[in-house]
Amino acid sequence: DAMVIQNPRYQVTQFGKPVTLSCSQTLNHNVMYWYQQKSSQAPKLLFHYYDKDFNNEADTPDNFQSRRPNTSFCFLDIRSPGLGDAAMYLCATSRGRRGGAPETQYFGPGTRLLVL
Amino acid sequence: AQKVTQAQTEISVVEKEDVTLDCVYETRDTTYYLFWYKQPPSGELVFLIRRNSFDEQNEISGRYSWNFQKSTSSFNFTITASQVVDSAVYFCALSEATNAGNMLTFGGGTRLMVKP
């Protein structure tokens, strides 16, 4: 049973052409994350939603935006993809209680983005 | 600031050998959580274990075992009788209890290759 679903698994886009990646979850977790992972590197957090609160990492480029229309779905929008944005994009979810212990993040299968 | 170091970039073993993946962490918090994730070639990060800083008991799950040594700030992972399906990149990660949103600090990962 898929718990964190990402579509598409592979996405090809053109330089400068906006692209949207999607993530959905069946875990009813209130926290959702987007990571970028380049080859042979650890995942790098771009931003996360804690409930409806959006939290951007300080070094996330403005080119990357996110939307969370409801608990189950979260989108990553890349407004003008550059060649350097080619990477694996991973979505993750977790429970979260403010002041509570860090909870486990569960990851989706990722979307591999190719920019031509 | 927190930091996780996985000094072994790549390890190659022959099937049925035992292998230990090292993880050393730095944190100023007294309460923190440690994680291991497996990333097979398909790309998804698979959760393996979550351990809090107050629980120093070693954990065994089938062929997997974890050795948590607070005195040396290490959380090492051993695979007994390795199999080809264990070939993957393994990430160790840290989350401090004081951080909001369960932020993970990842190590650089260790690529394990198990040869038949």
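Values in this document were obtained by computation on a predicted structure and should not be read as measured data. Sequence lines set the chain letters: A, B, ... in the order given, protein chains first and strands last, and positions in each chain run from 1.
Heavy atoms from other residues, nucleotides or ligands lying under 6.0 Å from CG of A/Asn70 number more than 12. By the neighbour-count criterion of 12 heavy atoms within 6.0 Å, atom CD1 of B/Ile60 is sparsely surrounded, having that number or fewer from other residues, nucleotides or ligands.
In this structure, the separation between CZ on B/Phe35 and CD on A/Gln105 is 7.5 Å, given to the nearest 0.5 Å. Within the model, atoms CD of A/Gln6 and CD of B/Glu44 stand 8.5 Å from one another, a figure rounded to the nearest 0.5 Å.
Contacts with chain B were tallied for A/Gly96, A/Gly110, A/Ala101; A/Ala101 has the most, counting heavy-atom pairs under 4.5 Å.
For B/Gln6, no part lies under 4.5 angstrom from a heavy atom of chain A. For a residue to count as touching a neighbouring chain, one of its non-hydrogen atoms must lie under 4.5 Å from one of that chain's; by this rule A/Glu103 touches chain B with backbone and side chain alike. Neither the backbone nor the side chain of A/Tyr49 comes within contact range of chain B, judged by heavy atoms closer than 4.5 Å. Only the side chain of A/Gln37 has a heavy atom closer than 4.5 Å to any heavy atom of chain B. Only the backbone of A/Arg95 comes within contact range of chain B, with at least one heavy atom under 4.5 Å from a heavy atom of that chain. Contact annotation for B/Tyr32: neither backbone nor side-chain heavy atoms come within less than 4.5 Å of a heavy atom of chain A.
Scanning both residues, A/Leu90 and B/Gly43, for their nearest heavy atoms gives CD2-O, 3.8 Å. Residues A/Pro102 and B/Ser95 come closest through the heavy atom pair CB-OG, 3.2 Å.
For the pair B/Met103 and A/Tyr33, the minimum side-chain heavy-atom distance is below 4.5 Å.
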side-chain contact (heavy atoms from CB on, under 4.5 Å) between A/Leu45 and B/Leu104, intermediate numbers included: CA-CA 9 Å; A/Leu45 183 65; B/Leu104 287 172; over 6 Å; no
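Each salt bridge (charged side-chain N to carboxylate O under 4.0 Å, His left out) pair with one or both residues in residues 103-116 of chain B, not counting sequence neighbours, would appear here, but there are none.
Between the B/Tyr37 side chain and the A/Tyr106 main chain, no donor and acceptor come within less than 3.5 Å of each other.
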